[in-house]
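Right, one structure below, let's go through it.
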Amino acid sequence: MSKPSKRALVLVNLGTPAAPTAEAVRDYLSEFLMDPRVVQLPRLLWWPLLHWVILPRRSPVVAHKYAAIWTEEGSPLAAFTRRLAARVQSAMPQWRVAMAMRYGEPALAKTLEGLIADGVDEIAVLPLYPQYSTTTTGSVEDVVAKLRARHPQIMFKCVHDYHRDPRWVEAIAASIRAHWQQHGRGEQLLFSFHGIPERLVRNGDPYAAHCEAGTAAIAEALGIARDDILLTYQSRFGRDRWLQPYTLPTLQQLARDGVRDVDVVCPGFAVDCLETLEEIAMLNAEAFIAAGGHALRYIPCLNDGDAHVQAIQSIVGAHA
């Protein structure tokens, strides 16, 4: 009987509510939105505003959105991440592969502590965010830093970003080619990334530059001009000015301009989730058609496909 590996790879995703209910969504959003990496307001001001005003109003609305995409396996984000981790484990038997969530369960800190308790002495952490942002990968790094200080004997490695990894770039390009081969090519190809406040970029967050660089690399892999791809940002929250152009008004303007069919890809998301399945493939698609378009053809995330598994092997090989 072989000994368990002392090297572990942890795939980290953002997180998800445990159920499509207002109570579960409230618990999840409370943890998520109280992270100072996500909302940078004084805690004494933000806590009562969040818990007494925002969460009571937003939780039932968001729960309804989750209910629209919930599956027998639960949240799509959790199901796809779990399946992806299992497939990566099969492809990388020399590693012990686990999944974790930055918010919700399985919690990242508990997962790392459990691996250490089991005798793992080298841990590679792969945040499933191709583009680095202080609001996402930065928050994962905060957790890793605390564990590193608590367990100096453990070798931790955290992947910073992989928006130009050749295998990942080719995986995204291949998914677009496969869609075009099956359905034909739409009149416009649009990449929609999750937005962040503009002030973060002005203060040095490299996220927008990573989105642009990755888009250019994918265009090159597709053999098309960078200008053939529209780059937009979705999922704005709050009153701050976020990265632009915004996805929804861009789609509505395309429809008004006579574009009938648009292909939409979300390269910032490793697996399909609320923001892709409900926001893009449902709400944005309906808005595009209502504005005069014919069809928004959403191209799924890499999810637990072969190309994603191979990309992760490449990323781990390059960084860990």
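In this text, all values refer to a predicted model and were calculated from it rather than measured experimentally. If you read the sequence from its start, that first residue is 1, and numbering goes on from there.
- The side-chain heavy atoms of L84 and I312, taken from C-beta on, include a pair separated by under 4.5 Å.
- Put simply, the side chain of Q89 gets close to the backbone of V97: a donor and an acceptor are under 3.5 Å apart.
- One finds no salt bridge joining E141 and R148 here, because no Lys/Arg side-chain nitrogen approaches an Asp/Glu carboxylate oxygen to under 4.0 Å.
- The side chain to side chain donor-acceptor pair (under 3.5 Å) check on R37 picks up D142, with sequence neighbours excluded.
- The aromatic rings of Y162 and W168 sit perpendicular to each other, their planes meeting at more than 60°, with 30° as the lower class boundary.
- Cluster annotation: L200 and Y233 are assigned to the same hydrophobic cluster (Ile/Leu/Val/Met/Phe/Trp/Tyr, side-chain heavy-atom contacts under 4.5 Å, transitive).
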CA sep, side-chain torsions, deciding dist, call: T137, H160, side-chain hydrogen bond (donor to acceptor under 3.5 Å, both in side chains) | CA-CA 7 Å; T137 304; H160 187 268; over 6 Å; no

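- Residues L296 and L283 are members of separate hydrophobic clusters, defined by side-chain heavy-atom contacts under 4.5 angstrom among Ile, Leu, Val, Met, Phe, Trp and Tyr.
- Distance alone, capped at 3.5 Å, is enough to place a donor-acceptor pair between the W46 side chain and the L33 backbone.
- In the hydrophobic cluster analysis, where Ile, Leu, Val, Met, Phe, Trp and Tyr join through side-chain heavy atoms closer than 4.5 angstrom, F32 is grouped together with V53.
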Would you please test V264 and F288 for side chain to side chain contact (heavy atoms under 4.5 Å, CB included) and show each step?
-> CA-CA 12 Å; V264 179; F288 178 69; over 6 Å; no

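- With hydrogens and angles disregarded, no donor-acceptor distance shorter than 3.5 Å links the side chain of N13 to the backbone of L128.
- Taking OG from S59 and CG from D27, the interatomic distance works out to 8.5 Å, rounded to the nearest 0.5 Å.
- Residues satisfying the side chain to side chain donor-acceptor pair (under 3.5 Å) criterion with S175, sequence neighbours excluded, are absent altogether.
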Worked verdict on W180 versus L189 for side chain to side chain contact (heavy atoms under 4.5 Å, CB included) = CA-CA 11 Å; W180 286 346; L189 177 60; 4.0 Å; yes

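- Atom CE of M282 sits about 11.5 Å away from atom OG1 of T276, to the nearest 0.5 Å.
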Give the C-alpha distance, both sets of side-chain angles, the deciding distance and a yes or no for side chain to side chain contact (heavy atoms under 4.5 Å, CB included) between V39 and L50.
-> CA-CA 10 Å; V39 178; L50 176 65; over 6 Å; no

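- Pairs engaging residues 195-222 under the ring pair (Phe, Tyr, Trp, His ring centres under 6.0 Å) rule: H163-H210 [sequence neighbours left out].
- The side-chain heavy atoms of I69 and D272, taken from C-beta on, include no pair separated by under 4.5 Å.
- Between F193 and F191, the ring planes are perpendicular. Angles over 60° get that label, and only those under 30° would be called parallel.
- With R226 contributing its side chain and I229 its backbone, the two residues share a donor-acceptor pair below 3.5 Å.
- By the neighbour-count criterion of 12 heavy atoms within 6.0 Å, atom CD of E220 is sparsely surrounded, having that number or fewer from other residues, nucleotides or ligands.
- At least one side-chain heavy atom of I123 sits less than 4.5 Å from a side-chain heavy atom of I116.
- Applying the side chain to side chain donor-acceptor pair (under 3.5 Å) criterion to R297, with sequence neighbours excluded, gives D263.
- Looking only at distances, no side-chain donor or acceptor of Q153 sits under 3.5 Å from a matching main-chain atom of D121.
- A donor-acceptor contact shorter than 3.5 Å is absent between the side chain of S30 and the backbone of R26.
- Formation of a donor-acceptor pair under 3.5 Å by the T81 side chain with backbone atoms of L77 is found in this model.
- Heavy-atom contacts from other residues, nucleotides or ligands closer than 6.0 Å to CE of M155 number 12 or fewer.
- By the side chain to side chain donor-acceptor pair (under 3.5 Å) test, H151 is found to be paired with E113, residues two or more places apart in sequence or in another chain being considered.
- Q234 and S192 share a side-chain donor-acceptor pair at under 3.5 Å.
- No single ILVMFWY cluster, assembled from side-chain heavy atoms under 4.5 Å apart, contains both I224 and L230.
- Between the H183 side chain and the H179 main chain, no donor and acceptor come within less than 3.5 Å of each other.
- Under a cut-off of 6.0 angstrom, the local environment of CG in L44 is sparse, with at most 12 non-hydrogen atoms contributed by other residues, nucleotides or ligands.
- Between the S139 side chain and the T135 main chain, no donor and acceptor come within less than 3.5 Å of each other.
- Judged purely by distance below 3.5 Å, without hydrogens or angles, the side chains of Y66 and T16 never pair a donor atom with an acceptor atom.
- Put simply, CD on E31 and CE on M101 are 12.0 Å apart, with the number rounded to the nearest 0.5 Å.
- With respect to E279 and K65, no salt bridge is recorded, no charged nitrogen being found less than 4.0 Å from a carboxylate O.
- By the 4.5 Å heavy-atom criterion applied to side chains, K6 and V120 are not counted as neighbours.
- Of all non-hydrogen atoms in M99 and A85, the two that sit nearest each other are CB-CB, 4.0 Å.
- The shortest heavy-atom contact between A173 and L222 is O-CD2, 3.4 Å.
- You'll find the side chain of I154 stays beyond 4.5 Å of the side chain of L147, heavy atoms only.
- Separation of atoms CD1 (I280) and SG (C273) is listed at 10.0 Å; rounding is to 0.5 Å.
- The side chain to side chain donor-acceptor pair (under 3.5 Å) pairs that include a residue from residues 304-313 are R87-D306, where partners are two or more places apart or lie in different chains.
- No more than 12 heavy-atom neighbours from other residues, nucleotides or ligands sit within 6.0 angstrom of CD on E72.
- The shortest side-chain heavy-atom distance between V201 and I196 falls under the 4.5 Å cut-off.
- Judged by distance alone, the side chain of D205 and the main-chain N or O of T134 form a donor-acceptor pair under 3.5 Å.
- Contact of the P76 side chain with the T71 side chain is registered, since non-hydrogen atoms from C-beta on lie closer than 4.5 Å.
- Atom CG of N203 sits about 11.5 Å away from atom CD of E198, to the nearest 0.5 Å.
- In this structure, the separation between CG on L251 and OG1 on T247 is 6.5 Å, given to the nearest 0.5 Å.
- When the side chains of ILVMFWY residues are joined at heavy-atom separations under 4.5 Å, either directly or via intervening members, V62 and W52 end up in a single hydrophobic cluster.
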